[in-house]
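Chain A is the first sequence line, chain B the second, and so forth, proteins listed ahead of strands; every chain is numbered from 1.
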Amino acid sequence: MRIFAMTLGLVLMSFLSFTQNASAQAILSVGQNLLFENGNNGRSIDTQQPLSVRGGYRFGIRDLYLEYSSFQSAQGTPSVQVVREHSEWLAWGRRVLAPKMKFAPYAAAGLGLQYDKIETTIPGESKRDQGEPHPVLALASGFLVAVREGLELQLEVKAASSSNYAPNPLMGLAFFVGYRF
Amino acid sequence: MVALMMSCTRQGGAEGTQTYQIPWPTASGEYRLQEITLHSFHQPETLQGSWAKILVDPFITNGALDGTPPVGRYVKSGGVAVPADYVSLVSTTVYAHLERLHDIDVETGADRKIRWPLNIGVQANVIDRRDPSTFIKNNALYDGGLDALLFVPYTDKGLPISLNAGILAHEHFHRIFQGLVMDQVISVQKSRMNSKMQVAHTSGISGRCMWHDHSSENSSGDAIARTRPADATRLHESLERIDVPVDVYNEFLLRAINEGLADFWGWVYTGDSNYVGRSLPLRESELRRMDQKVGRLGGIDDIKNRLKDLRNGDGLVSEDERVSMAYRLGTEYALFMRSLALSVSDGNEASPRSRMILAQALIKALPQVSETIAARVISDEIQPDVLLKPIFAQLQSVTSGACGLYAQFVAGGAKDAENEVPRCRELKGEK
């Protein structure tokens, strides 16, 4: 875990120093994801809908950005509830493969951390627990569509792997609206 | 309560040892989130351990409980595994109690007649036989045919049944009763009668608990009480003429004994006299409180009279009502067992030892009870006190209080226990 955090730190520092020297455009996007987790019965699919925010820089056909995603799911009865708040922090590198196409295909790879906060409520008591973070590795592929100057849409599929994901890797779809400054 | 639930003879390997944060009863019976260490829950990610295999929303394939490997979700927080969803919370809690109940089974010797691991279904969708278009809610049942414990979804405001330690122990006892009594009874029926219908009928006793409000039940005794004296005499004579078939009577009595001993087992495990009330509506839980006064059991005719109802064509109360009434009679057995436990020990309800003494006597007595029942179940009525003398025979020490309790319970004090129970006769001789 410590090695992973140091690696992530190095990547971010390289990114920041690079942006000071290169001609970079800031990019910012917000998006809606669909994640397909295994249901508790092992045969159904529970769809989670994390919201994501991405911020970073574009260097020609390459992007470097940070993404934060989070969703909340709740299960229980009128008196006993378990609320799970899932968070992910990922540093992504993306390359647009055919930038001149209207639907410009891209591929991306990300590295980061994910963790859960659990709030358990039973009659007369409620407790909140922060889970230990786990490393997560993600790959994504999609299309970038320039709508008008600066405004763009992103449609992508992604697969993320982490030790406690079920299934592992976890598949997802995402739709983003972004702006290039 | 806590002591018994913590007493363990660990058999699970170190690889399954992990502490979980789950709802667990305190000494006062209240539930709090506590850190409970399990030793045999080897595969929490698929909800399996040495003593139980949990299936979520299971189905039945070829007469057995089946399902895809379930998903358990946990997060580690300071070395403690915190269930990350409700189903994982319920499943882990059920498993934790099963691990403790297995330890008690080993201590009493009940484990030898039970198959491990137990199949458990949580969030089970069980069709309501009274309305096949709906599923049962707020219930738990042990299905002897499937040898599985099923928890259906809970929608009430109380403690979910699947988190209730006492109800879990109650349901677990049905497995013990199935293994030590019912299997032999059914086997005898099969060999002697070769009647599938009869066997299916009796095997239905095996603990399909209905944890709902039984308050709508009716009894002919009430009808007599509300009637004028002259009419009451005529009514009484009419009731006298009704014949209660042997199989109806025996099924009713066996169900009552099974439910009553299961209620007692819930108290043995928790020491909580109101464990039913933590999950069920007030009326039902008040009727099943374990700290009520012991009543009078009565004889075969007394129990037969409970089953008569002139308003029905066959003169018998309906099957649904008989099920409800079996719980009431079962409570009588449970109250007797609890009082007996207190009378043969130091009388301290909180003492796990006082509860274990009678639990061990009960388990040792059940094989003899089973033989007696199996010998009579087809052609003769089973005596209501069928299990009492074998239990007394297994007690290491019998007190005068216990003998007095027997006399009160069986005959309302009209008979002396020393005339009925050899151990009480011995006690009187010693004096």
For B:Asp272, is there an ion pair with B:Arg278 - N to carboxylate O distance below 4.0 angstrom? yes
Selection from A:Glu119, A:Lys117, A:Arg84, A:Gln81 maximising heavy-atom pairs under 4.5 Å formed with chain B: A:Arg84
Separation between NE2 of A:His86 and CD of A:Gln72, rounded to the nearest 0.5 Å: 13.0 Å
Taking only heavy atoms into account, what residues of residues 33-41 of chain A are found under 4.5 Å from chain B? A:Glu37, A:Asn38, A:Gly39, A:Asn40, A:Asn41
Heaviest contributor of heavy-atom pairs below 4.5 Å to chain A, chosen from B:Val71, B:Val75, B:Val80, B:Thr155, is B:Val71
Could you check A:Glu125 against B:Glu30 for side chain to side chain contact (heavy atoms under 4.5 Å, CB included), going step by step and ending with a plain yes or no? CA-CA 11 Å; A:Glu125 187 180 13; B:Glu30 299 297 322; over 6 Å; no
Parallel, tilted or perpendicular, judged at 30° and 60°: which one describes the rings of B:His97 and B:Tyr269? perpendicular
Checking heavy atoms, do the side chain of B:Pro153, its backbone, both or neither come under 4.5 Å from chain A? neither
Under 4.5 Å, heavy atom to heavy atom, which residues of residues 142-163 of chain A contact chain B? none
Within a strict 4.5 Å, meaning less than it, do heavy atoms of the A:Asn164 and A:Gln114 side chains meet? yes
Which of B:Val82, B:Leu33, B:Val87, B:Asp57 touches chain A most, by non-hydrogen pairs under 4.5 Å: B:Leu33
Got a second to check how far A:Arg94's CZ is from A:Arg58's CZ, nearest 0.5 Å? 6.0 Å
Using a 4.5 angstrom heavy-atom cutoff, name the option from B:Lys157, B:Glu45, B:Gln21 with the most pairs to chain A. B:Gln21
Are B:Phe151 and B:Leu141 close enough that some pair of their side-chain heavy atoms sits under 4.5 Å apart? no
Ring-face cation of B:Arg175 near B:Trp116 (centre distance under 6.0 Å, axis angle within 45°): yes
The ring-ring contact (aromatic ring centres under 6.0 Å, His included) partner of B:His102 among B:Phe41, B:Tyr95, B:Trp51 is B:Trp51
If you count the non-hydrogen atoms of other residues, nucleotides and ligands that lie under 6.0 Å from CZ in A:Arg62, is the total more than 12? no
Look at the aromatic rings of A:Tyr179 and A:Phe181 and report parallel, tilted or perpendicular, splitting at 30° and 60°. perpendicular
When only pairs under 4.5 Å are counted, which of B:Leu159, B:Leu163, B:Asp156 shares the most heavy-atom pairs with chain A? B:Asp156
Validation row: A:Ile118, A:Val82 side chains within 4.5 angstrom (heavy atoms): yes
